[in-house]
Amino acid sequence: STVIANPNLSPSIENKYGVADMITGYGVAQSVIQYYSVQRINYTNKGVIIQGWGNVGAAAGFYLAQAGFLIKGIIDKNGALISKEGFELTKITQLFINREHKVLTDQNLISFEKGNQEIWNIPAEVFIPAAGSRLVTEGQLSKLVNNGLEVIASGANVPFKDPEIFYGDTLKKADELVTVIPDFIANCGMARTFAYLMTEHAEVTSSAIFSDVQNKIKEAINEVLKKNKTGRFFTQTALEIAIQKLL
């Protein structure tokens, strides 16, 4: 329920967004930012496609645009917006604030059916699946890869249309071709918030909570890339590390 007081962390101080509204999407965005930063790759003006414009997708889009990424496509259950040049921060902030019942709205919205035909063919380096689970098909993945995809950050718990939870065939293919940051790293924001608040002498401010999430995601990204610097089989490597920690 803590209201975000830091203007750099909120799309609108007047609207009084809370930590719970933003922290998961913040973590998804940070996983992408930290990945490129650790790999020493300039991410300014890299294109992003976002599936879902609820709390996770919209917040991730806001923080990525704030960091210098260009949001080239957004698809939500209500329709889609596409810009091959990319939407910058001002537009993305407006789209965040103007949501109706956490659903994408805009005068230039095209139908979901048309958006679903076009969006997978847009050249973009980053894909954020942040809608329901098991939506991303192998065909959609192939189109994204063919158009320059580099990183997938899982905002949805199980983004790929596989019956398996952890490592189905579509995820395996994606993991071989691009960097797939798994949900237990990218989507850890709220869980990490709970963990942080249970630590002794935790500072209960939005800035402290966001800083903790950023640091933990950076640590996780570093740990995976220390074991596997290529960026390929990122999820497989992360799962191996996680399982070893549990044993």
Side-chain angles (χ1 to χ4, degrees), residues 2 4 6-10 19-46 48 50 55-57 59-69 71 89 125-130 149-157 159 174-175 178-246:
T2 300
I4 299 172
N6 186 337
N8 294 322
L9 296 173
S10 177
V19 169
D21 297 316
M22 305 296 294
I23 197 67
T24 305
Y26 177 79
V28 174
Q30 278 298 315
S31 71
V32 176
I33 293 166
Q34 296 304 327
Y35 172 78
Y36 280 122
S37 296
V38 172
Q39 293 284 58
R40 297 182 180 179
I41 297 171
N42 182 13
Y43 51 74
T44 303
N45 293 332
K46 283 188 178 291
V48 182
I50 300 176
N55 273 357
V56 179
F62 169 73
Y63 292 119
L64 287 171
Q66 188 182 60
F69 290 82
I71 313 303
L89 179 59
E125 289 81 12
V126 179
F127 173 50
I128 308 293
L149 186 67
E150 297 173 350
V151 176
I152 299 173
S154 301
N157 290 333
D175 210 25
V178 299
T179 298
V180 182
I181 305 173
D183 64 314
F184 57 88
I185 294 176
N187 193 12
C188 76
M190 186 55 73
R192 183 58 217 168
T193 298
F194 293 145
Y196 168 74
L197 292 174
M198 287 188 285
T199 60
E200 191 174 3
H201 307 304
E203 180 185 332
V204 188
T205 65
S206 57
S207 294
I209 294 168
F210 277 71
S211 179
D212 177 78
V213 169
Q214 179 189 51
N215 290 335
K216 288 300 177 182
I217 288 175
K218 183 176 182 179
E219 287 175 14
I221 298 288
N222 265 308
E223 191 169 1
V224 176
L225 291 177
K226 187 175 180 180
K227 188 173 182 180
N228 177 8
K229 295 180 181 179
T230 67
R232 300 295 182 267
F233 298 103
F234 189 100
T235 291
Q236 179 180 307
T237 305
L239 279 168
E240 290 170 357
I241 293 171
I243 290 168
Q244 288 170 4
K245 289 178 182 288
L246 291 171

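The figures that follow rest on heavy atoms only: side chains count, while hydrogens, waters and symmetry mates do not.
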Quick one: list whatever passes ring pair (Phe, Tyr, Trp, His ring centres under 6.0 Å) with Tyr43, sequence neighbours left out. Phe69

Residues passing the ring pair (Phe, Tyr, Trp, His ring centres under 6.0 Å) test with Tyr63, sequence neighbours excluded, are Tyr26

At their closest point, which heavy atom of [X] faces which heavy atom of [Y], and how far apart are they?
X      : Y      : value
Ala20  : Met190 : CA-CE, 3.4 Å
Asn187 : Ala156 : ND2-C, 4.4 Å
Gln39  : Lys229 : NE2-O, 3.2 Å
Gly61  : Ile50  : CA-CD1, 3.4 Å
Val32  : Ala153 : CG2-CB, 3.6 Å
Val19  : Ile4   : N-CG1, 3.9 Å

If we only count heavy atoms from C-beta on, is the [X] to [Y] side-chain gap below 4.5 Å?
X      : Y      : answer
Ile221 : Ile181 : yes
Glu223 : Ile241 : yes
Leu197 : Ile209 : yes

For Asn45, side-chain contact (heavy atoms from CB on, under 4.5 Å) partners two or more places apart: Leu70

To the nearest 0.5 Å, what is the distance between [atom1] ([X]) and [atom2] ([Y])?
X      : Y      : atom1 : atom2 : answer
Ile185 : Ile217 : CD1   : CD1   : 8.5 Å
Ile152 : Phe234 : CD1   : CZ    : 12.5 Å
Lys46  : Ile71  : NZ    : CD1   : 13.5 Å
Asn215 : Asn222 : CG    : CG    : 11.0 Å
Lys218 : Ile33  : NZ    : CD1   : 12.0 Å
Tyr35  : Thr179 : OH    : OG1   : 3.0 Å

What do the steps show when you test Phe210 against Asn8 for side chain to side chain contact (heavy atoms under 4.5 Å, CB included), and what is the final call? CA-CA 11 Å; Phe210 277 71; Asn8 294 322; over 6 Å; no

Within the distance-only criterion (no hydrogens, no angle test), does the side chain of Thr235 pair as donor or acceptor with the backbone N or O of Val180 below 3.5 angstrom? yes

Give a yes or no on whether the backbone of Thr205 and the side-chain of Thr2 come within a donor-acceptor separation of less than 3.5 Å. no

Could you give all pairs that pass the salt bridge (Lys or Arg N to Asp or Glu O under 4.0 Å) test and reach residues 231-244, with sequence neighbours left out? Lys227-Glu240

Pair listing, salt bridge (Lys or Arg N to Asp or Glu O under 4.0 Å) test, anchored in residues 184-196, at least two apart: Arg192-Asp212

Side chain to side chain contact (heavy atoms under 4.5 Å, CB included), that's the test. Do Phe62 and Leu89 meet it? Break it down for me. CA-CA 7 Å; Phe62 169 73; Leu89 179 59; 3.8 Å; yes

Test side chain to side chain contact (heavy atoms under 4.5 Å, CB included) on Thr24 and Asn55; report intermediate values, then the result. CA-CA 8 Å; Thr24 305; Asn55 273 357; over 6 Å; no

Using the salt bridge (Lys or Arg N to Asp or Glu O under 4.0 Å) criterion, which residues pair with Lys216? Sequence neighbours excluded. Glu219

